[in-house]
Student: 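Just passing along the structure, written as structure tokens.
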Amino acid sequence: MRALIGSAFYSNGLLFGVIAMKEFRKKQKIFSRIMKSFVIFTAAFIFVFIGAEPYVQEASAAAANYISTLCDFLVIAAVVLLFVYYNRYSKCDSFLENIEYEISDWGYYYSQRGENTAGDMAAGILADVKKDGFNVRAKLEIGELDFEFCALKKNEFFYCAYVERAEREDMLAYLDAAINDVTVANLKRKGSLVLCIVTDKAEDSAIALSKTTVPLGKKEQLKAVYSIIETGSKKCYFLGNKPSKCQQIILSYIMKCKSPIDSGLKGERQLEFQRELEKHMESFDLKAFKDGSFSAH
């Protein structure tokens with residue numbers, strides 16, 4: 001028992017060390033299995049003892065007291081395991097899961113939209129969202145940035161803008177404007193937000209953000225994602241391997257396909273920015289992540 005609790009506290013020296021993300025996640029999953037197994041065992045043991053206690057008491061009062069003390073110890077140990085696990089891993093679990101999706105996703109996909117110019121493509125996407133009952137505002141300005149349209153329906157938010165040559169700064173600025181419009185102008189605090197950048201050419205710096213998920217709120221009630229579609233090549237950059245409401249919006253209106261994505265619509269297996277991200281995550285530092293000094297992008 002002491003060895004089990006000791007492994008929970010130290011987990012082979014992982015408390016605040018620098019370790020590759022894959023190794024970190026492996027140890028996290030092992031710890032999770034130990035914790036869940038121990039909690040289930042504790043609950044089952046106590047449940048059986050409650051039913052058998054009268055018989056044990058009748059046979060031996062000393063044995064009953066001993067088992068009762070053991071139950072108390074098991075409960076305390078289970079609470080300690082739960083506390084250690086969630087204190088150590090709860091903040092980074094969602095973050096690391098999103099990074100794993102980014103790294104393992106296909107580099108890009110091919111859209112099945114038929115339009116060839118930016119204007120026609122934006123108009124085609126707008127027509128599709130209108131058919132599905134979105135509340136639409138077209139040709140609007142948000143935060144001094146021009147959007148082709150924004151579409152809202154319950155907790156689904158879809159913003160589309162045209163940028164001739166999309167760069168990182170454009171992605172950040174447009175998403176910031178869209179988030180501000182959702183949270184401040186429309187007073188929404190939860191839901192799924194998709195930013196679609198229609199462009200003639202996506203620069204590498206913009207593509208490197210295309211698979212990023214931006215969680216907002218303490219409980220991540222609002223999640224925002226990027227998507228890029230190039231007019232000529234019909235290449236579509238987005239996080240395509242993680243099922244979500246955002247993915248559904250992108251597949252329905254930008255990709256014009258269903259899930260799972262057909263293999264014929266998949267481009268390169270992994271792009272340079274994904275390989276760089278994987279290499280960068282080899283230096284994942286839990287302590288730096290917790291104090292806000294570690295960033296993936």
Side-chain angles (χ1 to χ4, degrees), residues 18-26 92-113 118 121 160-176 178 193-215 223-244 246-247 249-251 254-255 257 259-286 288-289 292-297:
V18 177
I19 190 167
M21 184 183 73
K22 289 182 179 178
E23 187 66 20
F24 181 91
R25 293 289 275 175
K26 180 181 178 181
C92 69
D93 188 47
S94 177
F95 169 77
L96 293 177
E97 182 183 72
N98 287 333
I99 296 298
E100 288 173 334
Y101 275 112
E102 289 186 51
I103 293 171
S104 62
D105 194 20
W106 287 81
Y108 58 86
Y109 301 86
Y110 289 102
S111 172
Q112 295 191 108
R113 295 208 65 90
M121 188 171 291
C160 179
Y162 169 68
V163 179
E164 184 177 357
R165 296 182 69 88
E167 298 183 359
R168 177 186 176 89
E169 291 73 18
D170 299 311
M171 304 285 284
L172 295 172
Y174 276 95
L175 185 63
D176 184 63
L193 189 161
V194 173
L195 170 66
C196 174
I197 297 294
V198 179
T199 184
D200 299 322
K201 172 62 178 177
E203 301 294 344
D204 290 343
S205 62
I207 293 172
L209 287 178
S210 62
K211 300 185 183 299
T212 306
T213 299
V214 181
K223 292 187 178 181
V225 303
Y226 298 97
S227 60
I228 305 172
I229 181 168
E230 290 185 330
T231 54
S233 66
K234 300 292 179 68
K235 289 180 180 179
C236 191
Y237 302 91
F238 70 102
L239 186 62
N241 63 344
K242 183 178 183 180
S244 66
C246 290
Q247 185 209 46
I249 294 173
I250 294 170
L251 295 184
I254 304 174
M255 285 287 293
C257 72
S259 180
I261 302 173
D262 186 85
S263 59
L265 300 178
K266 296 176 180 177
E268 294 183 48
R269 189 65 184 88
Q270 192 180 54
L271 299 182
E272 181 61 29
F273 82 89
Q274 292 169 293
R275 291 188 285 270
E276 291 178 356
L277 177 59
E278 186 172 22
K279 185 177 180 180
H280 172 63
M281 292 306 295
E282 291 177 0
S283 63
F284 175 72
D285 186 341
L286 181 59
F289 172 79
S293 60
F294 182 87
S295 176
H297 302 92

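As the structure is a computational prediction, the values presented were derived from the model and not from experiment.
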Student: Taking all non-hydrogen atoms of both residues, which atom of L277 and which atom of A296 are closest, and how far apart?
Tutor: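 Minimum heavy-atom separation between L277 and A296: CD1-O, 3.5 Å.
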Student: Is there a side-chain contact between L195 and M171, using heavy atoms and a 4.5 Å cut-off?
Tutor: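 They are not in side-chain contact.
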Student: Which atom names give the shortest non-hydrogen contact between I99 and H297, and what distance separates them?
Tutor: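 Looking at all heavy atoms of both residues, the shortest contact is CD1-CE1, 4.0 Å.
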Student: Is there a side-chain contact between K211 and F238 in this structure, where contact means two heavy atoms from C-beta onward sitting under 4.5 Å apart?
Tutor: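 When only atoms from C-beta onward are counted, F238 and K211 do not touch, as no gap falls below 4.5 Å.
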Student: Can you tell me how far apart OG (S104) and CD (E278) are? Round to the nearest 0.5 Å.
Tutor: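 The OG atom of S104 sits 9.5 Å away from the CD atom of E278.
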Student: Any idea which heavy atoms bring A166 and A206 closest together, and the distance?
Tutor: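 Looking at all heavy atoms of both residues, the closest pair is O-CB, 3.4 Å.
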Student: What are the two closest non-hydrogen atoms of H280 and S283, and how far apart are they?
Tutor: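 Looking at all heavy atoms of both residues, the shortest contact is O-OG, 2.8 Å.
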Student: Let me see the working for I207 and F273 under side chain to side chain contact (heavy atoms under 4.5 Å, CB included), right down to the final yes or no.
Tutor: CA-CA 8 Å; I207 293 172; F273 82 89; 3.7 Å; yes
Student: Strictly distance-based, threshold 3.5 Å: is any side-chain N or O of T199 a donor or acceptor partner for the main-chain N or O of K201?
Tutor: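 Yes, because the side chain of T199 sits within donor-acceptor range (under 3.5 Å) of the backbone of K201.
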Student: So how far is it from L265 CG to W106 CH2, rounded to the nearest 0.5 Å?
Tutor: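 Between atom CG of L265 and atom CH2 of W106 there are 11.5 Å.
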Student: Would you check, one step at a time, whether the test side chain to side chain contact (heavy atoms under 4.5 Å, CB included) holds for Y226 with L172?
Tutor: CA-CA 9 Å; Y226 298 97; L172 295 172; 3.5 Å; yes
Student: With a 4.5 Å limit on heavy-atom distance, are the side chains of L96 and F289 in contact?
Tutor: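 No - every pair of side-chain heavy atoms lies 4.5 Å or more apart.
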Student: Begin with the C-alpha distance, continue with both residues' side-chain angles, and end with the deciding distance and a verdict on salt bridge (charged side-chain N to carboxylate O under 4.0 Å, His left out) for K242 and E102.
Tutor: CA-CA 9 Å; K242 183 178 183 180; E102 289 186 51; over 6 Å; no
Student: In plain terms, say whether R275 and E272 are close enough for a salt bridge, that is, a side-chain N and a carboxylate O under 4.0 Å apart.
Tutor: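 Answer for the salt bridge query: yes.
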Student: Assess the residue pair D262 and C257 against the criterion (side chain to side chain contact (heavy atoms under 4.5 Å, CB included)); give the C-alpha distance rounded to whole Å, side-chain angles, the decisive distance to 0.1 Å, and a yes or no.
Tutor: CA-CA 8 Å; D262 186 85; C257 72; over 6 Å; no
Student: Calculate, to the nearest 0.5 Å, the distance between atoms NZ and OG belonging to K223 and S94 respectively.
Tutor: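 Rounded to the nearest 0.5 Å, the NZ-OG separation comes to 5.0 Å.
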Student: Do the side chains of M281 and K22 get nearer than 4.5 Å, heavy atoms only?
Tutor: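 They are not in side-chain contact.
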Student: Quick one: pull up OG in S111 and CD1 in I250 and give me the separation to the nearest 0.5 Å.
Tutor: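 Result: 11.5 Å between the selected atoms.
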Student: Is there a donor-acceptor pair under 3.5 Å between the side chain of S293 and the backbone N or O of A288?
Tutor: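 Here the side-chain-to-backbone pair exists.
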Student: For R25, is there an ion pair with D93 - N to carboxylate O distance below 4.0 angstrom?
Tutor: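 Yes, D93 and R25 are salt-bridged.
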Student: Kindly assign one of parallel, tilted or perpendicular to the pair F284 and F24, based on the angle between their ring planes and the thresholds 30° and 60°.
Tutor: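 Because their plane-to-plane angle is over 60°, the rings of F284 and F24 count as perpendicular.
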Student: Do E230 and Y108 come within less than 4.5 Å of each other through their side chains, counting heavy atoms only?
Tutor: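 Side chain of E230 against side chain of Y108, heavy atoms only: no contact under 4.5 Å found.
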Student: Which heavy atom in Y110 sits nearest to a heavy atom in S233, and how many Å separate them?
Tutor: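 Looking at all heavy atoms of both residues, the shortest contact is CD2-O, 3.7 Å.
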Student: If you round to the nearest 0.5 Å, how far is CG of D285 from SG of C92?
Tutor: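 One gets 11.5 Å once the value is rounded to the nearest 0.5 Å.
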Student: Any chance you could measure T213, atom OG1, to Y101, atom OH, to the nearest 0.5 Å?
Tutor: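 Output value for this atom pair is 10.0 Å.
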Student: Do V225 and L239 come close enough that some side-chain heavy atom pair is under 4.5 Å?
Tutor: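 Of all side-chain heavy-atom pairs linking L239 with V225, none is under 4.5 Å.
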Student: Whether E203 and R168 form a salt bridge (side-chain N of Lys/Arg under 4.0 Å from carboxylate O of Asp/Glu) is what I want to check.
Tutor: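 Judged by the 4.0 Å cut-off on N to carboxylate O distance, R168 and E203 do not form a salt bridge.
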Student: Any idea which heavy atoms bring I254 and R113 closest together, and the distance?
Tutor: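 Taking I254 first and R113 second, the nearest heavy atoms are O-CG, 3.1 Å.
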Student: Might you work through the side chain to side chain contact (heavy atoms under 4.5 Å, CB included) test for L193 and L175, ending with a clear yes or no?
Tutor: CA-CA 9 Å; L193 189 161; L175 185 63; 3.9 Å; yes
Student: If you define the side chain from C-beta out and look only at heavy atoms, does anything of I197 sit under 4.5 Å from D170?
Tutor: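 Not in contact.
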Student: Less than 4.5 Å apart, any side-chain heavy atom of L209 and any of I228?
Tutor: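 Heavy-atom side-chain distance check fails, nothing below 4.5 Å.
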